[in-house]
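Computed from heavy atoms alone, side chains included, the values below leave out hydrogens, waters and symmetry copies. Order of the sequence lines fixes the chain letters, A, B, ..., with proteins taken first and strands second; residue numbering starts at 1 for each chain.
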There are 2 protein chains.
Amino acid sequence: MAKALEPEQLRAYFALMESVTLLQHAVERQLRAEGGISYVQFQLLARLAQAKQLTMTALADGVVYSRSGLTHQAKLLEQAGLITRTGCPDDQRATVVTITDAGLALIQRLMPGHIEVVRDLMFDAMSDRDLHALAEIMTRARDHMRAQPPRSATGRRRRTAG
Amino acid sequence: MAKALEPEQLRAYFALMESVTLLQHAVERQLRAEGGISYVQFQLLARLAQAKQLTMTALADGVVYSRSGLTHQAKLLEQAGLITRTGCPDDQRATVVTITDAGLALIQRLMPGHIEVVRDLMFDAMSDRDLHALAEIMTRARDHMRAQPPRSATGRRRRTAG
DNA sequence: TATTGTTATACTCTATAACTATA
DNA sequence: TATAGTTATAGAGTATAACAATA
């Protein structure tokens, strides 16, 4: 059924996963210590900092898989005053999530330290050429993964991806 | 204090994190569905499948950060009959973890499907050149990260890394 | 009927601190 | 005194299923 991965694929896969695990731990520690938020919450806020407004479904896409998981996180972020949720004029079913000034301020406050961790841990030991290659490769990989249908979707997924 | 990441670094970082998140979700789903184990448990078993025997500390290294977290996982794996824990003759304080035949069998049973997910989601859309570059870059990155001292170590970390 | 989102619930994972035992 | 590991506990995260409301 499944052909084995080439040794080099296995090597790449394990190195990739372990690196990201290490990086994620470090980054989570920084976010928790300096901002009191989790990595998922940071991702949500970072998305909103770019887009200003997103529906719950659009926001969940690629960050949190289950709808209830996002509802939970949104509740926490709303209670912390970092986002607001309002009805959507176009579609009455939808909820529009907006980042608040406090949310923006938090992201801006956290970003330097966040970036410092990532730089120290990963990019400082990487040549410009490697960096460029990595960006290219992973951008393509991400786009490919996004386009893949989930292997066993229990509910709906992946809508309004823009 | 912290200089901003170059745009390309940011692009690489976010693409990397999102890709791995998507990959991890897919892989976790497969492992849970076909083997009833988590990704962390898979990682532990996969390590043991290679090394046969490791101390708790060596096993924790790079997979689970807290000692109690590993004790918890080891207990679950032991209850499931996938590993055994015995005293270490060299150092009476240490615990040696050994993978059982059932553990090996499980890993071998899961590996094809696991690999299939990784291949479909990531490597099928990657050229041989990209694969090679990725393996090189991430191997170096991992080694660099492993060598970095944790930013705020609460207890001990990183021993007997071999 | 399908989709958006919420709620309630249960489960898993992880970390912190206190503890035992050995080096 | 420092290290290896366990335990107890508490907190956070996520998913499932049932639900309400809209398309």
Side-chain angles (χ1 to χ4, degrees), chain A residues 21 24-26 28-29 31-33 35-44 54-61 63-80 83-97 150 152-160, chain B residues 21 24-26 28-29 31-33 36-44 54-80 83-97 150 152-160:
Chain A
T21 298
Q24 212 161 5
H25 270 274
E28 247 155 30
R29 193 176 285 273
L31 290 174
R32 182 64 66 191
I37 61 174
S38 68
Y39 188 65
V40 167
Q41 290 167 349
F42 172 80
Q43 283 179 297
L44 294 172
L54 289 170
T55 64
M56 292 289 283
T57 300
L59 189 54
D61 196 61
V63 178
V64 179
Y65 273 165
S66 72
R67 300 169 279 163
S68 60
L70 179 58
T71 297
H72 176 64
Q73 291 299 334
K75 198 178 293 179
L76 294 179
L77 290 173
E78 193 172 42
Q79 283 168 359
I83 66 166
T84 60
R85 283 183 289 178
T86 54
C88 177
D90 300 346
D91 187 337
Q92 296 281 24
R93 296 171 302 180
T95 296
V96 172
V97 182
S152 75
T154 41
R156 58 280 176 45
R157 291 284 161 67
R158 200 150 302 288
R159 301 257 24 231
T160 53
Chain B
T21 298
Q24 212 160 4
H25 270 275
E28 248 155 31
R29 192 176 287 275
L31 290 174
R32 182 64 65 191
I37 61 173
S38 68
Y39 188 65
V40 167
Q41 290 166 348
F42 172 79
Q43 282 179 296
L44 294 172
L54 288 171
T55 66
M56 291 291 281
T57 300
L59 189 53
D61 196 62
V63 178
V64 177
Y65 273 165
S66 70
R67 298 168 280 161
S68 60
L70 179 58
T71 297
H72 175 63
Q73 291 300 333
K75 197 178 295 180
L76 293 179
L77 291 172
E78 192 172 42
Q79 282 168 0
I83 65 167
T84 59
R85 284 185 287 180
T86 54
C88 176
D90 299 347
D91 186 338
Q92 296 281 22
R93 296 171 302 179
T95 297
V96 172
V97 181
S152 74
T154 41
R156 57 273 173 55
R157 292 284 161 65
R158 200 151 302 291
R159 302 258 24 232
T160 53

N/O-N/O pairs, protein side and nucleotides 18-23 of chain C side, under 3.5 Å:
{"residue": "C/dA23", "atom": "OP1", "partner": "B/Gln92", "partner atom": "N", "Å": "3.0"}

Exercise for review: Please tell me if the side chains of B/Leu76 and B/Gln73 come closer than 4.5 Å, counting only heavy atoms from C-beta onward.
Suggested key: yes
Exercise for review: Write down the distance between CZ (A/Arg85) and P (C/dT4), rounded to a whole number of angstrom.
Suggested key: 17 Å
Quick test: give all pairs of protein nitrogen or oxygen and nucleotides 9-11 of chain D nitrogen or oxygen below 3.5 Å, distance rounded to 0.1 Å.
none

Point to revise | Check: B/Glu28 and B/Ser38 side chains under 4.5 Å, non-hydrogen atoms | key: no
Check your understanding: So do B/Thr95 and B/Thr86 actually touch side chain to side chain, heavy atoms under 4.5 Å?
Key -> no
Review point. If the sugar-phosphate is the primed atoms plus P, OP1 and OP2 and the base is the rest, what is the B/S/- string for nucleotides 8-14 of chain C, using protein heavy atoms under 4.0 Å?
Key: B----SB
Review point. Is B/Thr95 touching bases, backbone alone, or none of the nucleic acid, heavy atoms closer than 4.0 Å?
Key: sugar-phosphate
Review point. To the nearest Å, how far apart are B/Leu59 CG and D/dT6 C1'?
Key: 15 Å
Study note, to complete from the structure: Those residues at least two apart in sequence (or on a different chain) that pass side chain to side chain donor-acceptor pair (under 3.5 Å) with A/Glu78 are A/Arg85
Exercise for review: Would you indicate whether the side-chain heavy atoms of B/Met56 and B/Arg67 approach each other to under 4.5 Å?
Suggested key: no
Revision key, fill the gap. Atom CG of B/Leu70 and atom P of D/dG5 are separated, to the nearest Å, by 8 Å
Study note, to complete from the structure: Rounding to 0.5 Å, atoms NZ (B/Lys75) and CD1 (B/Ile83) come to a distance of 11.5 Å
Check your understanding: Are any of the side-chain heavy atoms of A/Val96 and A/Leu54 separated by less than 4.5 Å?
Key -> no
Revision key, fill the gap. Rounded to whole Å, CD of B/Gln24 lies from P of D/dT14 at a distance of 12 Å
Practice item. Check side chain to side chain donor-acceptor pair (under 3.5 Å) between B/Arg93 and all other residues, then give those that pass, not counting sequence neighbours. Key: B/Asp91
Check your understanding: Does A/Ser68 have any side-chain contact (heavy atoms from CB on, under 4.5 Å) partners at least two apart in sequence or in another chain, and if so, which?
Key -> A/Ser66
Review point. Would you call A/Leu77 and A/Leu44 a side-chain contact if the rule is heavy atoms closer than 4.5 Å?
Key: yes
Check your understanding: How close or far is atom P of C/dT6 from atom CG of A/Leu77, stated in whole angstroms?
Key -> 12 Å
**Study point:** For A/Tyr39 against A/Leu31, the heavy-atom pair lying closest together
**Key:** CD1-CD1, 3.7 Å
Check your understanding: Taking only N and O in the side chain of A/Lys75, is any of them less than 4.0 Å away from OP1 or OP2 of C/dT7?
Key -> yes
